[in-house]
Amino acid sequence: MERALSGYSFEVRRERKRELPPLPRVAGEVVMRFAPNPSGPLHLGHARAAVLNDAYVRRYGGRLILRLEDTDPARVYPPAYEMIHEDLRWLGVRVHETVVQSSRLEVYYRHARELIEKGHAYVCQCSAEEFQRLKLEMRACEHRSRGAEENLEEFERMFTEYREGEAVVRLKTGMDLRDPAMRDFPIMRISEARHPRVEARVYPLMNFAVAVDDHLLGVTHVLRGKDHIVNTRKQAYVYRFFGWQMPEFIHYGRLKIEGVALSTSKIREGIDAGRYAGWDDVALGTLRALARRGFRSEAVRRAMLDVGVKQSDISFSWKNLFAYNREIVEPIANRYFFVASPVEVVVEALPEFSREVRLHPDYPERGSRRLELKPEGGAARVFIARSDFERLEEGGFVRLMEGFNIEVLEKGEGRVKARFHSLELEEAKRRRARLIHWVPAQQAVPVTVLKPEGRDTGYGEPALRRVKADDMVQFERYGFARIDEAGKRIVACYAHP
RNA sequence: GCUCCGGUAGUGUAGCCCGGCCAAUCAUGCCGGCCUUUCGAGCCGGCGACUCGGGUUCGAAUCCCGACCGGAGCACCA
């Protein structure tokens with residue numbers, strides 16, 4: 001009884017400790033949004049925004065809006081619209097509503113006109129360089145003092161006459177503001193790049209579209225990275241000019257992720273150049289690459305949840321993700337032997353050997369695999385991993401796991417001659433012998449393991465012929481991997497130790 | 001340079017708003033032990049931190065000031 005109670009309070013405490021800090025000023029329904037740019041599929045960096053927004057929405061019983069921000073036609077990658085949906089489904093993020101900004105251009109035009117009419121915005125024909133100079137000198141250009149009527153006409157000419165770069169709409173925030181970035185920043189521009197979804201040439205800039213949408217869609221809380229802090233201040237001007245109430249903003253710090261490629265534009269270049277096989281190349285930090293390696297979305301979610309919403313910058317801990325994934329995958333992954341960079345060992349004086357070994361040590365009901373050797377001319381051939389070969393010494397004693405003990409007679413370059421010693425594990429333990437995994441040479445299955453750093457090739461045990469694509473396995477003393485291609489040759493994607 | 005943030009164990013995180021219950025949480029890592037067979041899985045146990053210096057206070061990880069360190073933004077991208 002006492003034990004049960006203490007166990008219970010421990011669980012409760014654990015749960016509470018894992019919770020995110022509450023959202024500020026919650027009144028009524030919580031509406032949040034996840035707003036990626038459809039320039040490619042989602043990666044680990046997006047996962048944080050998606051998971052955290054989703055977690056808060058679930059916690060408060062609110063709604064999550066997926067907003068595809070495709071107002072820069074040059075950066076749109078058409079397949080991304082669908083890929084983002086797939087990735088979110090995989091992540092278990094519940095989207096209540098999807099909006100695509102390119103379908104809402106009229107909304108932005110209407111609001112831009114309204115600001116122009118009210119004298120809060122004007123069409124500016126300065127070049128970017130010219131304006132930058134004026135901005136730093138805190139001087140207004142000639143266009144700033146134009147009347148609303150004339151500005152409206154100029155605005156219409158942006159749709160017909162002006163070319164890209166010839167005119168923008170600027171918000172009249174003030175040319176004497178302390179922060180140069182705030183001074184009359186642009187809200188609409190012309191882009192002549194072809195948009196895959198709409199025919200248009202005038203597009204809103206992010207800070208305008210975001211503010212208008214967040215307000216119109218009823219967003220109550222915006223959770224995003226702190227690289228948007230300046231944008232929040234810009235967006236505050238839009239809210240002020242319209243007389244709208246601002247949502248609550250929470251900015252989390254940068255998440256440094258090492259070891260995988262994340263930049264969508266660089267990945268795209270890499271794919272085009274043939275350096276990556278595709279968006280799910282195991283060297284990438286895309287969610288589809290992680291899924292291909294056998295990472296479960298629950299592990300990714302948990303890693304993101306405990307990274308949290310702190311504003312200080314942090315580095316992503318792969319080890320933590322590995323540990324979370326291992327917890328999920330360990331019970332389901334059957335065990336097999338795989339030797340990387342194989343080296344042949346000839347074992348002399350071996351009697352016929354055959355043994356049934358469990359597919360998983362903790363679950364006998366899952367069945368077994370057979371390890372067997374038929375000596376030819378009194379000797380049998382097995383493969384061991386190069387890394388184990390290197391630690392072998394002549395006269396040494398090792399145990400082939402789940403098999404038997406051998407003595408090393410001769411160690412040549414890439415070849416070992418050994419002699420069968422005994423069958424019993426106890427003998428190996430008594431001698432503190434190393435236990436190494438191995439593969440019978442006769443029916444060895446060629447295996448390639450794709451890893452972020454490269455690939456390992458070698459042989460797997462015969463039972464591997466029975467695995468199916470998408471199975472999660474543990475190659476003993478090597479690591480967890482997902483079977484990518486099954487059959488006579490196996491391709492696996494490495495997850496983690 | 002200007003503007004704005006942040007600094008808790010090896011790593012990530014809780015606590016900081018509303019000072020005491022914090023010789024500081026949880027996870028991971030590391031070390032040790034266990035396991036009819038993973039020096040690389042699993043189980044059990046242990047180790048390990050409030051950046052520094054002042055101040056306020058009976059009392060500070062928590063409030064204030066400074067230093068140091070780190071980061072973000074300063075696009076007709078998002």
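Evaluation of the side-chain hydrogen bond (donor to acceptor under 3.5 Å, both in side chains) rule for A:S265 yields A:S263 as partners, not counting sequence neighbours. The side-chain hydrogen bond (donor to acceptor under 3.5 Å, both in side chains) check on A:R432 picks up nothing, with sequence neighbours excluded. With sequence neighbours left out, A:D456 forms a side-chain hydrogen bond (donor to acceptor under 3.5 Å, both in side chains) with A:K451, A:Y478.
Candidate nucleotides B:C77, B:U37, B:C76 were compared by shortest atom distance to the side chain of A:R355, and B:U37 ranks first.
Here the separation of B:A27 from B:G19, taken at their P atoms, is 29 Å to the nearest Å. Comparing the P positions of B:C4 and B:A61 gives a spacing of 30 Å, expressed to the nearest Å.
The aromatic rings of A:F159 and A:Y109 stand perpendicular to each other, their planes meeting at an angle above 60°, with 30° marking the opposite boundary. Taking the six-membered ring where tryptophan is involved, the planes of A:H195 and A:Y203 are essentially parallel, since the angle between them stays under 30° and well short of 60°.
If you take CZ of A:R254 and P of B:G12, they are 16 Å apart, rounded to a whole angstrom.
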Return a single string for nucleotides 2-10 of chain B, one symbol per nucleotide in 5' to 3' order, where B is base contact, S is sugar-phosphate-only contact and - is none, cutoff 4.0 angstrom on heavy atoms. -S-SS-B--
Pairs under 3.5 angstrom, nitrogen or oxygen only, protein versus nucleotides 42-50 of chain B, please.
none

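Between A:I267 and A:H43 the shortest side-chain heavy-atom distance does not fall below 4.5 Å.
Base-pairing analysis of RNA chain B finds the following stems of at least three consecutive Watson-Crick or G-U pairs, with both pairing distances under 3.5 Å: B:1-7 with B:68-74, B:10-12 with B:26-28, B:29-34 with B:42-47, B:51-55 with B:63-67.
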